[in-house]
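Values below: all heavy atoms of this structure, side chains included; hydrogens, waters and symmetry mates excluded. We count ligands from 1, going down the list as the structure has it; atoms in each ligand are counted the same way.
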Amino acid sequence: MQTQDLINKYQQIFKSDHQLELFFSPGRVNLIGEHIDYNGGYVLPCALTLGTYAVVEKRNDSLIKLYSENFKSQGIREIRLDENIERQDTDDWTVYVKGVLKAFIDSGYEVSKGFNAYIEGNLPNGAGLSSSASLEMLVSQIIKQLNHINIDTNEMVNLSKQAENNFVGVNCGVMDQFVIGLGKKDAAILLNCNTLDYQYVPLVLNDYDLVIMNTNKKRGLADSKYNERRKECDTALSLLKQKYDVHTLCELSSKQLEEAKTLFNSDVVYKRALHVVGENERVLKAIKYLKNGHIKMFGQLMNESHQSLKQLYEVTGFELDTIVELAWKEEAVIGARMTGAGFGGCAIALVKKGSVEDVISRIGEKYHSKVGIKASFYVVEVGDGVKVLKN
Ligand code: GLA
(Lines give C-alpha, C1' and ligand atoms only; values in the text may rest on other atoms or scores of the structure.)
Protein backbone atom coordinates (compact mmCIF):
# COMPACT_ATOMS: atom_id res chain seq x y z
CA MET A 1 0.00 0.00 0.00
CA GLN A 2 1.35 3.45 -0.90
CA THR A 3 2.07 5.80 1.98
CA GLN A 4 0.92 8.83 0.02
CA ASP A 5 -2.42 7.20 -0.84
CA LEU A 6 -3.06 6.48 2.82
CA ILE A 7 -2.22 10.07 3.74
CA ASN A 8 -4.51 11.41 1.01
CA LYS A 9 -7.32 9.24 2.27
CA TYR A 10 -6.76 10.48 5.82
CA GLN A 11 -7.06 14.04 4.56
CA GLN A 12 -10.28 13.30 2.69
CA ILE A 13 -11.90 11.78 5.78
CA PHE A 14 -10.61 14.08 8.52
CA LYS A 15 -10.05 17.27 6.48
CA SER A 16 -6.81 17.98 8.28
CA ASP A 17 -3.14 17.04 7.99
CA HIS A 18 -1.06 18.35 10.87
CA GLN A 19 1.85 16.13 11.84
CA LEU A 20 0.59 12.82 10.58
CA GLU A 21 2.19 9.65 11.85
CA LEU A 22 2.08 6.34 10.03
CA PHE A 23 2.01 2.85 11.54
CA PHE A 24 1.97 -0.71 10.21
CA SER A 25 1.11 -3.98 11.91
CA PRO A 26 1.32 -7.31 10.06
CA GLY A 27 -0.89 -10.39 9.92
CA ARG A 28 0.61 -13.82 10.45
CA VAL A 29 0.60 -17.43 9.39
CA ASN A 30 1.62 -20.28 11.63
CA LEU A 31 3.77 -22.84 9.81
CA ILE A 32 3.24 -25.61 12.34
CA GLY A 33 2.24 -26.00 15.99
CA GLU A 34 -1.51 -25.42 15.95
CA HIS A 35 -3.60 -25.08 19.11
CA ILE A 36 -0.37 -25.39 21.01
CA ASP A 37 0.23 -21.90 22.39
CA TYR A 38 -2.36 -22.18 25.17
CA ASN A 39 -0.97 -25.62 26.01
CA GLY A 40 2.51 -24.31 26.72
CA GLY A 41 4.37 -25.83 23.76
CA TYR A 42 6.28 -24.71 20.67
CA VAL A 43 4.85 -22.82 17.69
CA LEU A 44 6.48 -21.64 14.47
CA PRO A 45 4.69 -18.58 13.08
CA CYS A 46 5.91 -15.77 10.82
CA ALA A 47 4.69 -12.23 10.19
CA LEU A 48 3.34 -11.28 6.77
CA THR A 49 3.92 -8.19 4.66
CA LEU A 50 0.13 -7.99 4.50
CA GLY A 51 -1.38 -6.22 7.48
CA THR A 52 -3.06 -3.12 8.87
CA TYR A 53 -1.97 0.50 8.34
CA ALA A 54 -2.92 3.59 10.31
CA VAL A 55 -2.46 7.28 9.60
CA VAL A 56 -2.73 9.10 12.91
CA GLU A 57 -2.99 12.70 14.04
CA LYS A 58 -2.76 13.66 17.68
CA ARG A 59 -5.65 15.75 19.01
CA ASN A 60 -5.62 18.36 21.75
CA ASP A 61 -8.46 16.72 23.63
CA SER A 62 -9.23 13.23 24.91
CA LEU A 63 -11.42 12.14 22.03
CA ILE A 64 -10.49 9.27 19.72
CA LYS A 65 -11.98 9.34 16.24
CA LEU A 66 -11.55 6.25 14.12
CA TYR A 67 -12.35 5.46 10.53
CA SER A 68 -11.71 2.09 8.92
CA GLU A 69 -11.68 1.76 5.16
CA ASN A 70 -12.52 -1.93 5.72
CA PHE A 71 -15.76 -1.00 7.50
CA LYS A 72 -16.60 2.09 5.46
CA SER A 73 -20.31 2.02 6.05
CA GLN A 74 -19.73 2.58 9.78
CA GLY A 75 -18.21 6.00 9.12
CA ILE A 76 -16.26 7.72 11.87
CA ARG A 77 -16.52 6.01 15.28
CA GLU A 78 -15.71 7.74 18.57
CA ILE A 79 -14.23 6.68 21.89
CA ARG A 80 -13.88 9.10 24.81
CA LEU A 81 -10.90 8.77 27.11
CA ASP A 82 -12.60 10.91 29.79
CA GLU A 83 -15.31 8.25 30.23
CA ASN A 84 -15.09 4.66 31.43
CA ILE A 85 -14.34 2.34 28.55
CA GLU A 86 -17.04 -0.28 28.46
CA ARG A 87 -18.21 -2.86 25.97
CA GLN A 88 -21.31 -2.04 23.97
CA ASP A 89 -23.38 -3.98 21.46
CA THR A 90 -22.56 -1.40 18.82
CA ASP A 91 -18.77 -1.72 19.20
CA ASP A 92 -18.20 -3.93 16.16
CA TRP A 93 -14.56 -3.61 14.99
CA THR A 94 -13.81 -0.88 17.56
CA VAL A 95 -14.04 -3.52 20.30
CA TYR A 96 -10.36 -4.28 19.63
CA VAL A 97 -9.37 -0.64 20.01
CA LYS A 98 -11.36 -0.23 23.20
CA GLY A 99 -9.97 -3.48 24.59
CA VAL A 100 -6.37 -2.36 24.14
CA LEU A 101 -7.03 1.12 25.56
CA LYS A 102 -8.61 -0.46 28.61
CA ALA A 103 -5.75 -2.92 29.05
CA PHE A 104 -3.22 -0.05 29.06
CA ILE A 105 -5.33 2.05 31.45
CA ASP A 106 -6.01 -0.86 33.83
CA SER A 107 -2.29 -1.58 33.96
CA GLY A 108 -1.67 1.94 35.20
CA TYR A 109 -0.34 3.56 32.04
CA GLU A 110 -1.35 7.16 31.50
CA VAL A 111 -3.38 7.23 28.30
CA SER A 112 -4.76 10.72 27.86
CA LYS A 113 -3.98 11.79 24.31
CA GLY A 114 -6.86 11.72 21.89
CA PHE A 115 -6.23 11.11 18.20
CA ASN A 116 -7.80 10.68 14.79
CA ALA A 117 -6.92 7.51 12.92
CA TYR A 118 -7.53 6.40 9.37
CA ILE A 119 -7.14 2.61 9.33
CA GLU A 120 -6.86 0.35 6.32
CA GLY A 121 -5.82 -3.27 6.08
CA ASN A 122 -5.09 -5.62 3.22
CA LEU A 123 -5.61 -8.76 5.28
CA PRO A 124 -8.86 -10.55 4.60
CA ASN A 125 -11.03 -10.19 7.76
CA GLY A 126 -11.91 -13.29 9.74
CA ALA A 127 -9.73 -15.45 7.51
CA GLY A 128 -7.43 -16.78 10.19
CA LEU A 129 -4.52 -14.46 9.36
CA SER A 130 -5.00 -12.59 12.64
CA SER A 131 -6.55 -9.37 11.42
CA SER A 132 -7.77 -8.74 14.97
CA ALA A 133 -4.39 -9.25 16.67
CA SER A 134 -2.90 -7.08 13.92
CA LEU A 135 -5.29 -4.27 14.86
CA GLU A 136 -4.64 -4.76 18.57
CA MET A 137 -0.88 -4.49 18.16
CA LEU A 138 -1.32 -1.50 15.86
CA VAL A 139 -3.35 0.29 18.53
CA SER A 140 -0.76 -0.64 21.20
CA GLN A 141 1.96 0.93 19.09
CA ILE A 142 -0.12 4.08 18.52
CA ILE A 143 -0.89 4.45 22.25
CA LYS A 144 2.76 3.96 23.12
CA GLN A 145 3.94 6.51 20.58
CA LEU A 146 1.39 9.26 21.26
CA ASN A 147 1.56 9.05 25.03
CA HIS A 148 5.36 8.56 25.17
CA ILE A 149 4.95 5.40 27.18
CA ASN A 150 8.10 3.53 28.03
CA ILE A 151 7.05 -0.03 27.29
CA ASP A 152 8.75 -2.86 25.42
CA THR A 153 7.21 -5.02 22.72
CA ASN A 154 6.75 -7.98 25.04
CA GLU A 155 4.55 -5.89 27.31
CA MET A 156 2.56 -4.60 24.32
CA VAL A 157 2.03 -8.24 23.33
CA ASN A 158 0.83 -8.99 26.82
CA LEU A 159 -1.62 -6.05 26.88
CA SER A 160 -2.99 -6.86 23.42
CA LYS A 161 -3.56 -10.45 24.46
CA GLN A 162 -5.30 -9.25 27.62
CA ALA A 163 -7.58 -7.12 25.45
CA GLU A 164 -8.57 -10.18 23.42
CA ASN A 165 -9.01 -12.41 26.50
CA ASN A 166 -10.75 -10.03 28.87
CA PHE A 167 -12.52 -7.46 26.71
CA VAL A 168 -13.25 -9.22 23.42
CA GLY A 169 -13.85 -12.51 25.24
CA VAL A 170 -11.73 -14.88 23.16
CA ASN A 171 -9.44 -16.96 25.30
CA CYS A 172 -6.63 -16.98 22.71
CA GLY A 173 -3.01 -17.86 23.46
CA VAL A 174 0.00 -15.61 22.98
CA MET A 175 1.16 -16.68 19.51
CA ASP A 176 -0.56 -14.12 17.28
CA GLN A 177 0.24 -11.00 19.23
CA PHE A 178 3.79 -12.25 19.83
CA VAL A 179 4.73 -12.82 16.21
CA ILE A 180 2.96 -9.62 15.16
CA GLY A 181 5.07 -7.78 17.72
CA LEU A 182 8.41 -9.48 17.19
CA GLY A 183 8.27 -10.88 13.64
CA LYS A 184 11.27 -10.38 11.37
CA LYS A 185 11.62 -10.26 7.60
CA ASP A 186 12.32 -13.66 6.03
CA ALA A 187 12.33 -15.49 9.36
CA ALA A 188 9.93 -17.61 11.33
CA ILE A 189 9.88 -17.47 15.13
CA LEU A 190 10.30 -20.63 17.14
CA LEU A 191 8.46 -19.63 20.30
CA ASN A 192 8.28 -21.57 23.51
CA CYS A 193 4.84 -20.48 24.70
CA ASN A 194 5.54 -21.60 28.24
CA THR A 195 8.63 -19.47 28.87
CA LEU A 196 8.28 -17.02 25.95
CA ASP A 197 11.88 -17.81 24.98
CA TYR A 198 12.22 -17.56 21.23
CA GLN A 199 14.64 -17.77 18.36
CA TYR A 200 14.47 -16.57 14.77
CA VAL A 201 14.75 -19.29 12.17
CA PRO A 202 15.59 -18.13 8.63
CA LEU A 203 12.77 -19.22 6.36
CA VAL A 204 14.75 -20.78 3.55
CA LEU A 205 12.36 -22.85 1.47
CA ASN A 206 14.75 -23.56 -1.43
CA ASP A 207 12.69 -24.31 -4.56
CA TYR A 208 9.35 -23.76 -2.89
CA ASP A 209 6.97 -20.88 -2.36
CA LEU A 210 4.66 -20.67 0.61
CA VAL A 211 1.11 -20.07 -0.63
CA ILE A 212 -1.89 -19.00 1.45
CA MET A 213 -5.14 -20.59 0.33
CA ASN A 214 -8.13 -18.72 1.71
CA THR A 215 -11.27 -20.87 1.72
CA ASN A 216 -13.30 -17.65 2.03
CA LYS A 217 -15.44 -19.46 4.53
CA LYS A 218 -15.63 -16.89 7.30
CA ARG A 219 -15.09 -17.88 10.85
CA GLY A 220 -15.79 -15.89 13.99
CA LEU A 221 -13.34 -16.94 16.68
CA ALA A 222 -15.56 -15.90 19.56
CA ASP A 223 -18.58 -17.94 18.51
CA SER A 224 -16.55 -20.82 17.19
CA LYS A 225 -15.56 -23.78 19.26
CA TYR A 226 -12.21 -22.26 20.20
CA ASN A 227 -13.06 -21.69 23.86
CA GLU A 228 -14.58 -25.17 24.02
CA ARG A 229 -11.31 -26.73 22.84
CA ARG A 230 -9.45 -24.86 25.56
CA LYS A 231 -11.79 -26.26 28.18
CA GLU A 232 -11.27 -29.78 26.84
CA CYS A 233 -7.51 -29.30 27.16
CA ASP A 234 -7.94 -28.05 30.73
CA THR A 235 -9.94 -31.18 31.51
CA ALA A 236 -7.21 -33.37 30.01
CA LEU A 237 -4.55 -31.56 32.02
CA SER A 238 -6.37 -31.95 35.31
CA LEU A 239 -6.75 -35.69 34.68
CA LEU A 240 -3.08 -36.04 33.81
CA LYS A 241 -2.05 -34.19 36.95
CA GLN A 242 -3.25 -37.21 38.93
CA LYS A 243 -0.27 -39.07 37.52
CA TYR A 244 2.29 -36.45 36.50
CA ASP A 245 3.64 -33.31 38.09
CA VAL A 246 3.03 -31.02 35.10
CA HIS A 247 1.65 -27.53 34.52
CA THR A 248 0.90 -27.78 30.80
CA LEU A 249 -0.02 -30.57 28.37
CA CYS A 250 3.09 -29.96 26.27
CA GLU A 251 5.38 -31.02 29.09
CA LEU A 252 4.32 -34.60 28.32
CA SER A 253 5.60 -36.93 25.63
CA SER A 254 3.31 -39.10 23.50
CA LYS A 255 4.57 -42.10 25.42
CA GLN A 256 3.66 -40.60 28.80
CA LEU A 257 0.22 -39.71 27.49
CA GLU A 258 -0.37 -43.22 26.29
CA GLU A 259 0.67 -44.60 29.66
CA ALA A 260 -2.02 -42.45 31.26
CA LYS A 261 -4.80 -43.43 28.88
CA THR A 262 -6.86 -45.20 31.55
CA LEU A 263 -7.34 -41.89 33.38
CA PHE A 264 -9.59 -40.72 30.56
CA ASN A 265 -13.23 -41.67 30.53
CA SER A 266 -13.91 -39.51 27.46
CA ASP A 267 -12.55 -40.43 24.06
CA VAL A 268 -12.97 -36.86 22.93
CA VAL A 269 -10.80 -35.40 25.67
CA TYR A 270 -8.12 -38.04 25.08
CA LYS A 271 -8.10 -37.26 21.35
CA ARG A 272 -7.61 -33.55 22.06
CA ALA A 273 -4.61 -34.34 24.27
CA LEU A 274 -3.20 -36.70 21.63
CA HIS A 275 -3.24 -33.90 19.08
CA VAL A 276 -1.58 -31.42 21.41
CA VAL A 277 1.24 -33.70 22.52
CA GLY A 278 1.85 -35.06 19.00
CA GLU A 279 1.75 -31.61 17.39
CA ASN A 280 4.25 -30.23 19.86
CA GLU A 281 6.65 -33.07 19.02
CA ARG A 282 6.12 -32.37 15.32
CA VAL A 283 7.24 -28.75 15.75
CA LEU A 284 10.52 -29.89 17.23
CA LYS A 285 11.08 -32.29 14.33
CA ALA A 286 10.01 -29.64 11.84
CA ILE A 287 12.53 -27.16 13.12
CA LYS A 288 15.37 -29.62 12.58
CA TYR A 289 14.23 -30.28 9.02
CA LEU A 290 13.91 -26.58 8.28
CA LYS A 291 17.33 -25.77 9.69
CA ASN A 292 18.91 -28.58 7.64
CA GLY A 293 17.11 -27.67 4.43
CA HIS A 294 14.99 -30.85 4.36
CA ILE A 295 11.96 -29.03 3.02
CA LYS A 296 10.15 -32.13 1.76
CA MET A 297 10.25 -33.70 5.20
CA PHE A 298 9.03 -30.42 6.63
CA GLY A 299 6.12 -30.54 4.16
CA GLN A 300 5.31 -34.08 5.26
CA LEU A 301 4.95 -32.88 8.83
CA MET A 302 2.58 -30.15 7.66
CA ASN A 303 0.37 -32.86 6.17
CA GLU A 304 0.47 -34.87 9.38
CA SER A 305 -0.41 -31.74 11.34
CA HIS A 306 -3.52 -31.23 9.21
CA GLN A 307 -4.60 -34.86 9.65
CA SER A 308 -4.28 -34.51 13.38
CA LEU A 309 -6.26 -31.25 13.41
CA LYS A 310 -8.93 -32.96 11.35
CA GLN A 311 -9.22 -36.28 13.11
CA LEU A 312 -8.15 -35.63 16.67
CA TYR A 313 -8.75 -31.94 17.31
CA GLU A 314 -11.70 -31.61 14.89
CA VAL A 315 -11.21 -27.98 13.93
CA THR A 316 -10.93 -28.22 10.14
CA GLY A 317 -14.35 -28.66 8.49
CA PHE A 318 -15.47 -29.24 4.91
CA GLU A 319 -13.95 -26.17 3.26
CA LEU A 320 -10.49 -26.44 4.84
CA ASP A 321 -10.33 -30.19 4.27
CA THR A 322 -11.38 -29.80 0.66
CA ILE A 323 -8.79 -27.18 -0.18
CA VAL A 324 -5.97 -28.99 1.65
CA GLU A 325 -6.84 -32.35 0.11
CA LEU A 326 -6.92 -30.78 -3.36
CA ALA A 327 -3.46 -29.38 -2.66
CA TRP A 328 -2.18 -32.81 -1.58
CA LYS A 329 -3.19 -34.20 -4.97
CA GLU A 330 -0.88 -31.77 -6.77
CA GLU A 331 2.54 -33.13 -7.62
CA ALA A 332 4.15 -29.73 -7.12
CA VAL A 333 2.81 -29.45 -3.55
CA ILE A 334 5.01 -31.03 -0.86
CA GLY A 335 2.92 -30.03 2.15
CA ALA A 336 -0.36 -28.34 3.04
CA ARG A 337 -2.32 -27.71 6.21
CA MET A 338 -4.83 -25.37 7.79
CA THR A 339 -3.33 -22.46 9.72
CA GLY A 340 -4.70 -20.52 12.70
CA ALA A 341 -7.73 -21.48 14.73
CA GLY A 342 -9.50 -23.42 11.96
CA PHE A 343 -13.27 -23.74 11.40
CA GLY A 344 -12.82 -22.01 8.03
CA GLY A 345 -10.26 -19.37 7.15
CA CYS A 346 -6.91 -20.14 5.55
CA ALA A 347 -4.64 -23.04 4.76
CA ILE A 348 -1.02 -22.90 3.60
CA ALA A 349 0.85 -24.98 1.03
CA LEU A 350 4.45 -25.38 -0.04
CA VAL A 351 4.42 -25.27 -3.84
CA LYS A 352 7.31 -25.80 -6.26
CA LYS A 353 8.41 -22.48 -7.74
CA GLY A 354 7.38 -22.17 -11.37
CA SER A 355 4.25 -24.28 -10.83
CA VAL A 356 2.48 -21.89 -8.49
CA GLU A 357 0.17 -20.27 -11.04
CA ASP A 358 -0.99 -23.57 -12.54
CA VAL A 359 -1.49 -25.16 -9.15
CA ILE A 360 -3.50 -22.21 -7.89
CA SER A 361 -5.72 -22.20 -10.92
CA ARG A 362 -6.42 -25.95 -10.74
CA ILE A 363 -7.11 -25.96 -7.00
CA GLY A 364 -9.24 -22.81 -7.37
CA GLU A 365 -11.40 -24.35 -10.06
CA LYS A 366 -11.94 -27.67 -8.32
CA TYR A 367 -12.59 -26.00 -4.98
CA HIS A 368 -15.20 -23.75 -6.55
CA SER A 369 -17.03 -26.59 -8.22
CA LYS A 370 -17.01 -28.70 -5.06
CA VAL A 371 -17.74 -26.07 -2.43
CA GLY A 372 -19.49 -23.34 -4.39
CA ILE A 373 -17.24 -20.60 -2.99
CA LYS A 374 -14.31 -18.95 -4.77
CA ALA A 375 -11.03 -19.35 -2.91
CA SER A 376 -8.30 -16.67 -2.92
CA PHE A 377 -4.57 -17.31 -3.04
CA TYR A 378 -1.54 -15.25 -2.01
CA VAL A 379 2.15 -16.07 -2.24
CA VAL A 380 3.49 -15.34 1.23
CA GLU A 381 6.11 -12.68 1.81
CA VAL A 382 7.49 -12.73 5.33
CA GLY A 383 7.91 -9.29 6.87
CA ASP A 384 8.69 -7.41 10.08
CA GLY A 385 6.60 -6.97 13.19
CA VAL A 386 4.60 -3.88 14.16
CA LYS A 387 6.38 -0.60 13.42
CA VAL A 388 6.20 3.16 13.08
CA LEU A 389 6.58 3.93 9.39
CA LYS A 390 6.83 7.68 9.60
CA ASN A 391 6.64 10.34 12.26
C1 GLA B 1 -5.86 -18.50 17.08
C2 GLA B 1 -5.44 -17.96 18.45
C3 GLA B 1 -4.00 -18.38 18.76
C4 GLA B 1 -3.78 -19.88 18.55
C5 GLA B 1 -4.36 -20.34 17.21
C6 GLA B 1 -4.35 -21.84 17.07
O7 GLA B 1 -5.13 -17.88 16.07
O8 GLA B 1 -5.54 -16.56 18.48
O9 GLA B 1 -3.66 -17.97 20.06
O10 GLA B 1 -4.33 -20.59 19.62
O11 GLA B 1 -5.70 -19.90 17.03
O12 GLA B 1 -3.04 -22.30 17.00
Exercise. Under 4.0 Å from any heavy atom of Cys172, which atoms of ligand 1 are there?
Worked result: 2 (C), 8 (O), 9 (O)
Problem set entry | Cation-pi geometry met for Lys102 and Phe167 (6.0 Å, 45°) | no
Exercise. Near Glu34, which atoms of ligand 1 are under 4.0 Å from a heavy atom of that residue?
Worked result: 6 (C), 12 (O)
For this session: Return a yes/no value for Gly173: is any of its N or O atoms, backbone included, closer than 3.5 angstrom to an N or O of ligand 1?
Result: yes
Problem set entry | Proximal atoms of ligand 1 relative to Met175 (non-hydrogen, under 4.0 Å) | 4 (C), 5 (C), 12 (O)
Problem set entry | Candidate with minimal heavy-atom separation from atom 9 (O) of ligand 1, of Val174, Val315, Asp37, Thr339 | Asp37
For this session: Using a strict 4.0 Å cut-off to heavy atoms of Asp176, name the atoms of ligand 1 that fall inside it.
Result: 1 (C), 2 (C), 3 (C), 7 (O), 8 (O)
Exercise. What's the verdict on side chain to side chain donor-acceptor pair (under 3.5 Å) for Lys161 and Asn165, showing C-alpha distance, side-chain angles and the deciding distance?
Worked result: CA-CA 6 Å; Lys161 177 176 175 289; Asn165 293 160; 3.0 Å; yes
Problem set entry | Proximal atoms of ligand 1 relative to Tyr38 (non-hydrogen, under 4.0 Å) | 10 (O)
For this session: Would you mind listing which atoms of ligand 1 come within a distance below 4.0 Å of any non-hydrogen atom of Gly340?
Result: 6 (C), 11 (O)
Exercise. Where is the tightest heavy-atom contact between Val276 and Ile36, given as atom of each residue plus distance?
Worked result: O-CD1, 3.2 Å
Exercise. Quick one: side-chain contact (heavy atoms from CB on, under 4.5 Å) partners of Leu63, sequence neighbours excluded?
Worked result: Arg59, Asp61, Lys65, Glu78, Arg80
Problem set entry | Contact check: His35 vs ligand 1, nitrogen or oxygen atoms, below 3.5 angstrom | yes
For this session: List every atom of ligand 1 that sits less than 4.0 Å from any heavy atom of Tyr226, numbering the atoms from 1 in the order shown and giving each element.
Result: 1 (C), 2 (C), 3 (C), 4 (C), 9 (O), 10 (O), 11 (O)
For residues 364-383, dump all side-chain donor-acceptor pairs below 3.5 Å to protein atoms at least two apart in sequence or in another chain.
unit_1: Tyr367; atom_1: OH; unit_2: Thr215; atom_2: O; d: 2.8
unit_1: Ser369; atom_1: OG; unit_2: Lys366; atom_2: O; d: 3.2
unit_1: Ser376; atom_1: OG; unit_2: Asn216; atom_2: ND2; d: 2.8

Exercise. Can you list the steps and then say if Tyr10 with Tyr118 is a ring pair (Phe, Tyr, Trp, His ring centres under 6.0 Å)?
Worked result: CA-CA 5 Å; Tyr10 176 90; Tyr118 170 89; 7.3 Å; no
For this session: Under 4.0 Å, heavy atoms only, figure out whether ligand 1 is touched by the backbone of Arg28, its side chain, both or neither.
Result: side chain
Exercise. Does ligand 1 have any atom that is closer than 4.0 Å to a heavy atom of Arg230?
Worked result: no
Exercise. Do Asp207 and Lys353 sit within salt-bridge range, that is, some charged N less than 4.0 Å from a carboxylate O?
Worked result: no
Exercise. What's the shortest heavy-atom distance between Asn171 and Tyr226, and which atoms?
Worked result: O-CE2, 3.4 Å
